[in-house]
Amino acid sequence: MKRKLLLSMLMGIALLTMIVVPAVAQDTIKIAFVEGMSGPFAGVGDAGYKHYQYMADLINARGGVLGGKKLEIVPFDTKSSPKEALIVLKAAIDQGIRIITQGNASSVAGALIEALNKHNERNPDQQVIYLNYAAITPAFTNELCSFWHFRFDAHVDMKIAAITDYIKTRPEITKVYLCNQDYVFGHAVSDTAKQMLAEKRPDIQIVGDTFTPLGKVKDFSPYVSKIQASGAQAVITGNWGADMSLLVKAAKDAGLGAQFYTFYGSGLGAPAAIADAGIGKVISVIEWHFNLAVEDNKPEDEKFFLGYHEKYSDGGKSPFYYGRIRTTMEMLAAAIDKAGSAKAKDIAYALEGMEYDTPYGKVLMRAEDHQLIQPLYLMVYAKKGEGTVKYDSENSGVGFKTIGRIEAENTAMPTTCQMQRPAK
Amino acid sequence: MLEYVLFSLLNSLVLGMLLFMLSSGLTLIFSMMGVLNFAHASFYMLGAYFGYQISTWVGFWPALVIAPLLVGGLGALVERYGLRSLHKYGHVAELLFTVGLFYIIEESVNLIWGRNAVMYPIPKILDFPVFKLLGADVSAYRMFMLLISMGMFVGLYLVLTRTRIGLIIQAALTHPEGVNALGHNVPAVFMLVFGGGSALAGLAGVIGGIFLITEPAMAATLGPIVFVVIVVGGMGSLTGAFVASLLLAAIQTFAVGIEYSLTDLFALFGWRVDATGFFRDIWRIQLSHTGPILPYLFMVLMLMFRPKGLMGKRES
């Protein structure tokens, strides 16, 4: 009997401690960085975390937001799995965090959007806003669009549109090869590229449409032989990570003449792995690269990424890459100040339709689907020291040179989003 | 078509010899000591990182010699101070030890060299197309890899067949208890074999790290395929490992160019398959998409129908 009493008392104490919510410090606004911080993509997650950290440093140094509140980035490890992501999302919410950011893997992003839609409806006093900096499945700002989700990266269709617009102006390209990873994203790249090329350059022949298992191929030379035999002048690929680097290295070995039009050829390990093999061959579509500052003569911007370089780049091994994280954090700070509140709903309403001046032109957070409309660049690998190529990437001796700019309004695509907004 | 076949042959030879360099050490260690060394590919990774580090200090050629020796020495230490004391607790303890070692090496590499790929370029002197084969370049580095791995194969063969220690190792492959009973210093032989196997993996790392990518995930990506090689070749059989390496590399390489699906196969016999419903992807998927998975399928079939492998002599 006594033991039973003791047990129930203990349980009571345990329950009580669970109910007590940890006090949230009033002078900081926390942002949960929800990303795979361990496992195969740990390097990518770590780089993103440092970008956010650097932006928080800068914003805090100039006085923070709301007249003195500091921003704090709190990392959460999703192990790159949607299931884990939902668990850490719960943990973040329990800690009183109301702003989350995530980018790698659309599977995780999809799970987060769905979970937040439900959570925010059921808990109107604990609503959470989600800033997406890299998950680029078009559906998130189309049929799956959500009031709580904001995307700061151009989605797949916008990037393919940029690539195909450029190919349209190059009459010497008559044969295009598609080489992608065999999963949802790779298939989306292939389908969209085929469709857009057919519209913009019906004369172009698609001479190959290959899918490789994600992260399984060691030697890409057999694929390169196929590309070579097909006579393609251009290869469009959404490959990332080792699949990207190995493809280009094998192409160099075989002396392949074709150019690669990529999404992820310019950062997060690829420049170090590809290096000279990519010069004049690897083209990426992206919103920023660090020689832009030299090309457009923007010393302020140069200072900006050199600051990161000094503090977070590990001796230049992982330099600033995500120009869009800068935009994300600057717009977030501006939105908090504009709303005069750090509540998710207020921030979301302030972000909708917000314009922001980046060093390279105006960007707009489109209200109807929460897709950021920003100028995009096509740039190619070039030797460091040649012309405007002042800086190299990842100490590889190779930097980037802009070969085309797509104005913000030309990257915009129609949306099917029917945004459901909560009462103000 | 001729061009494709020639190129695929050459490519599969290069990849196959690299695989053999890895699997030869693993299969020797396994057959001799009964240890399925899960950390074997980690020694390959260490070889790549050592090679990278040493080549930034003193150049590629010294690295080619020093890095495998370092890795071999490390392997010998692991055997002497780790595995040997575990031997009396049986194979499960040893297996768990190597699994733990795999993670320790991976995290150490993360700590020392970072989580991203390092820049480990082809040495300048080998960075040129050595000849043109029907319109496509064949790089000198690939030929160099082939040369090194061939040299290693011949060297290993000579050591095993022409030297006294080789004869003891060979005897221990098939009759480990017998060799022990004859009074040979079996622990020393174990250490030598483990160290030697690790050094071979290290050598594969030094040249493979340039050919592929030197990154912390490289052990995890190459590890499984090496196990497939020794299972298919037959546990403990060097010839088996050699044949299986070349065979699996050829399967992978050639499958890429074959764009036939099950639908096409049935069409040969005049059956028309209606590719709809839940399994539609199975009918549509082309052999070329499945290339890198085929070795695993091959392993499963091998285990089902010939568990001792292609050239294996022992059933277990």
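Residue numbering restarts at 1 for every chain, and letters A, B, ... go by the order of the sequence lines.
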Is Tyr141(B) close to chain A through its backbone or its side chain, or both, or neither, when contacts mean heavy atoms under 4.5 Å?
neither
Could you tell me which portion of Ile122(B) (side chain, backbone, both or neither) has an atom closer than 4.5 angstrom to a non-hydrogen atom of chain A?
side chain
Flag the one option from Ala277(A), Gly397(A), Gly255(A) with the top tally of heavy-atom pairs under 4.5 Å to chain B.
Gly255(A)
What part of Asp127(B) gets closer than 4.5 Å to chain A, counting heavy atoms only: side chain, backbone, both or neither?
side chain
Using a 4.5 angstrom heavy-atom cutoff, name the option from Lys218(A), Lys252(A), Lys317(A) with the most pairs to chain B.
Lys218(A)
Which region of Ala229(A), side chain (C-beta onward) or backbone (N, CA, C, O), has a non-hydrogen atom less than 4.5 Å from a non-hydrogen atom of chain B, or is it both or neither?
neither
Against chain B, work out which of Val224(A), Asp314(A), Asp219(A), Asp276(A) has the most heavy-atom pairs shorter than 4.5 Å and name it.
Asp219(A)
At a 4.5 Å cut-off on heavy atoms, which part of Ile210(B) comes close to chain A: side chain, backbone, both, or neither?
backbone
Flag the pair Phe320(A) / His51(A) as yes when their ring centroid distance falls below 6.0 Å, and as no otherwise.
yes
Proximal component of Leu212(B), with respect to chain A [non-hydrogen, under 4.5 Å]:
both
So, the part of Ser225(A) with a heavy atom under 4.5 Å from chain B: the answer is side chain
CZ (Phe220(A)) and CE (Met244(A)) are apart, to the nearest 0.5 Å, by 9.0 Å
Give me the one residue out of Tyr133(A), Phe290(A), Tyr54(A), Trp288(A) that meets ring-ring contact (aromatic ring centres under 6.0 Å, His included) with Tyr322(A).
Tyr133(A)
Within 6.0 angstrom of Leu9(B) CG, more than 12 heavy atoms from elsewhere
yes
Among Leu222(B), Ile105(B), Thr214(B), side-chain contact (heavy atoms from CB on, under 4.5 Å) partner for Met45(B):
Ile105(B)
Considering only NZ, NE, NH1 and NH2 on the basic side and carboxylate oxygens on the acidic side, decide whether Lys50(A) and Asp46(A) come within less than 4.0 Å.
yes
When heavy-atom pairs shorter than 4.5 Å are enumerated against chain B, which of Ser396(A), Ser318(A), Ala270(A) gives the highest number?
Ser396(A)
Non-hydrogen atoms of chain A under 4.5 Å away: do they reach the side chain of Ser8(B), the backbone, both or neither?
neither
The single option from Val74(A), Asn104(A), Asp77(A), Thr78(A) that satisfies side-chain contact (heavy atoms from CB on, under 4.5 Å) with Val34(A) is Thr78(A)
Tell me, yes or no, whether the heavy-atom count around Phe128(B) atom CZ, taken from other residues, nucleotides or ligands under 6.0 Å, exceeds 12.
yes
